[in-house]
Every structure is written in structure tokens, then in C-alpha cells.
Amino acid sequence: MFSQDKTPFTVRNIVMIGFWSPCLAFARRMKEAGVAVHLIDMVDEPASFERHSAAIEADGEIMLWSDAKSEKAILQIQKFAKRVKADAIVTADEFTQLWLAENRHRFEPACRVLAPSAATLQVLLKKPEQVRIAREAGFNLLPNWELFTAADAAQVPADSFPVCVRPGAPDSVQPMFKAMVLDTPQALEQFLAGIQWQGSPLLVQPYCFGPNIV
């Protein structure tokens, strides 16, 4: 593998934070390449470690979502990485990836964080930036509206519903959510009344049922 400065390095043991559908294919491919995958699984409540696949080592641990992005989490990852002699850390969760990139100095150079720079991720994780990049690349885009206040819901035409609502940036609203499908203008107004903005707009687009193309 290559570091951010293009320096090659060898990975024999890798720490994977969290387990989602893409992680199974990743773990299998790593095992085929002779790389041992050690999992810190993210869970809601204390539980025993579950080995999701034979491609994952049996020496894994769990981490509570309530502890994620905390000093406690950093210390746990550092200790785990040292125990399994990890050369690198990876995750499929974009918010966790940003957090790891922001704390890269806590793990490197002994254990590389396999992620772009925090500055790059901060741009890519902003939905308005994703729309801008896609538009500049020549994609045909759905109509989209940026909502900065609840009153901005009036700009979404009634014939555009149902709509999909997404935060414009990580941790930009409270309570947090990833996406919400709302069927009517009234449902949108009611939803917006229950959230608090923290600097970034919400992105609203007509909801289309179909494959997710990234």
C-alpha cells in the first residue's frame, strides 16, 4: 500500500472499525491477499464480540457507539492496534473515517490511517459540495433545494414530493440523522420543526426509488 506521501508500506495486519455490508467483501479480499483483519465492532449496547466471518480474526473487540469519537475510543484503538500488531486502520463509515483522519497523528507512523486527509473528507462529506462536483463532472442532477431554516421549506414545490432530506454536513443538525423520506409539505414542515441547525443547510431532493450510484 501507499501512504499519503506516496511512500510504499507493507500491511500484514489491519484494524477495521465497524462492520457493515461492504466490510465482508473487504475482509475476504484481504484474507486472500494474506492480510489479517482484526475487527473493533460498533454496537449500541455491551455484548460479546461476534465474529461475522471466517475472514475476520477471532481476537476482535466491541466499541459502544456512545464512546465513539472520544478519547476513550482513541485509547482503545491504540491499545488494540498495538496488541494485534496492526500496520493500518480502516473503516467503511464516512463519519468515523473523518474522525480517524482528524486524529491521524495519534496512530501514525506506527499504524497508518487508510483515509484521505481530513480537509479532503470535510469537503467530500458536504452534500452541497457533492452536488457541485457532480454538476461540474457533467451529471444530470435531480432538482435540489438547500434549507437553512424551517421557513425555507416553502421553496420546495408541492409536486416534488415525496422528497429525501439529508444533512448538508456531518453532525450539522440535532438530533442526528442520515436521510429521511417525507411524503408531503406538511410532513416536511413538521420534521423541520423538530431539529436544530448547526451551521450547514439541509439538502432536499425529489425521492426516487432505485439503485444508489456513488
Side-chain angles (χ1 to χ4, degrees), residues 1-5 14-23 25-26 40-44 63-71 73-74 77 88-108 111-150 152 156 163-182 188 191-192 194-208 210-214:
M1 294 190 179
F2 292 86
S3 63
Q4 281 193 309
D5 62 3
I14 192 168
V15 172
M16 183 166 62
I17 310 296
F19 187 88
W20 296 272
S21 298
C23 299
F26 173 80
I40 298 181
D41 205 359
M42 306 294 292
V43 297
D44 293 321
M63 179 186 295
L64 297 179
W65 276 110
S66 57
D67 292 334
K69 302 181 184 179
S70 67
E71 179 66 15
I74 288 178
I77 297 170
I89 303 171
V90 69
T91 183
D93 178 69
E94 55 190 10
F95 301 133
T96 303
Q97 187 180 56
L98 174 58
W99 173 70
L100 288 171
E102 290 172 337
N103 290 278
R104 188 186 305 273
H105 63 285
R106 302 291 300 273
F107 307 103
E108 296 185 353
C111 187
R112 309 291 184 96
V113 174
L114 301 186
S117 68
T120 298
L121 289 170
Q122 286 165 353
V123 171
L124 294 178
L125 290 179
K126 293 179 179 178
K127 299 300 181 184
E129 286 296 316
Q130 294 177 14
V131 170
R132 179 187 63 78
I133 293 169
R135 183 177 290 116
E136 290 180 355
F139 286 97
N140 292 322
L141 304 179
L142 292 168
N144 64 88
W145 301 271
E146 293 182 14
L147 310 187
F148 292 86
T149 68
D152 290 338
V156 183
V163 296
C164 183
V165 183
R166 295 183 177 91
D171 301 331
S172 61
V173 295
Q174 290 294 334
M176 292 177 57
F177 71 100
K178 189 165 187 178
M180 184 71 65
V181 176
L182 301 170
L188 176 60
F191 176 73
L192 296 179
I195 66 171
Q196 294 180 344
W197 272 262
Q198 296 184 335
S200 295
L202 296 179
L203 187 69
V204 178
Q205 294 176 314
Y207 175 70
C208 294
N212 180 27
I213 302 176
V214 179

For a 4.5 angstrom cut-off between non-hydrogen side-chain atoms, does [X] reach [Y]?
X	Y	answer
Val163	Gln205	no
Leu98	Gln122	yes
Ile77	Leu100	yes
Trp99	Ile74	yes
Leu192	Leu202	yes
Val43	Leu64	yes
Trp197	Pro167	no
Leu124	Glu94	no

Least distance between heavy atoms, [X] atom then [Y] atom:
X	Y	result
Glu146	Pro128	OE2-CB, 3.5 Å
Val113	Glu108	N-OE2, 2.9 Å
Asp93	Thr96	OD2-OG1, 2.6 Å
Cys111	Ile89	SG-CG1, 3.4 Å
Leu121	Gln97	CD2-OE1, 3.4 Å
Met16	Phe26	SD-CD2, 3.8 Å

| task | Go through the structure and list residues passing ring-ring contact (aromatic ring centres under 6.0 Å, His included) with Phe148, not counting sequence neighbours. | result |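 ring-ring contact (aromatic ring centres under 6.0 Å, His included) check on Phe148 returns nothing, list empty.
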
| field | Non-neighbouring partners of Arg135 that pass salt bridge (Lys or Arg N to Asp or Glu O under 4.0 Å), sequence neighbours left out | value |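 Listed in chain order: nothing, the list is empty.
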
| field | Passing option when Tyr207 is tested against Val181, Leu182, Leu142 for side chain to side chain contact (heavy atoms under 4.5 Å, CB included) | value |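 Only one of Val181, Leu182, Leu142 forms a side chain to side chain contact (heavy atoms under 4.5 Å, CB included) with Tyr207, namely Val181.
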
Got a second to check how far [X]'s [atom1] is from [Y]'s [atom2], nearest 0.5 Å?
X	Y	atom1	atom2	answer
Asp41	Trp20	CG	CH2	8.0 Å
Leu188	Leu147	CG	CG	6.5 Å
Ser200	Glu129	OG	CD	10.5 Å

| task | Look at the side chain of Arg106 and the backbone N and O of Glu71, then say whether any donor-acceptor pair between them is shorter than 3.5 Å. | result |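 Looks like no, no N/O pair under 3.5 Å.
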
| query | Is the backbone N or O of Ile17 less than 3.5 Å from a side-chain atom of Thr91, with the two atoms forming a donor-acceptor pair by type? | reply |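 Indeed, once roles are kept as given, a pair shorter than 3.5 Å links the two residues.
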
| request: Would you check, one step at a time, whether the test side chain to side chain contact (heavy atoms under 4.5 Å, CB included) holds for Val204 with Asp152? | output: CA-CA 11 Å; Val204 178; Asp152 290 338; over 6 Å; no

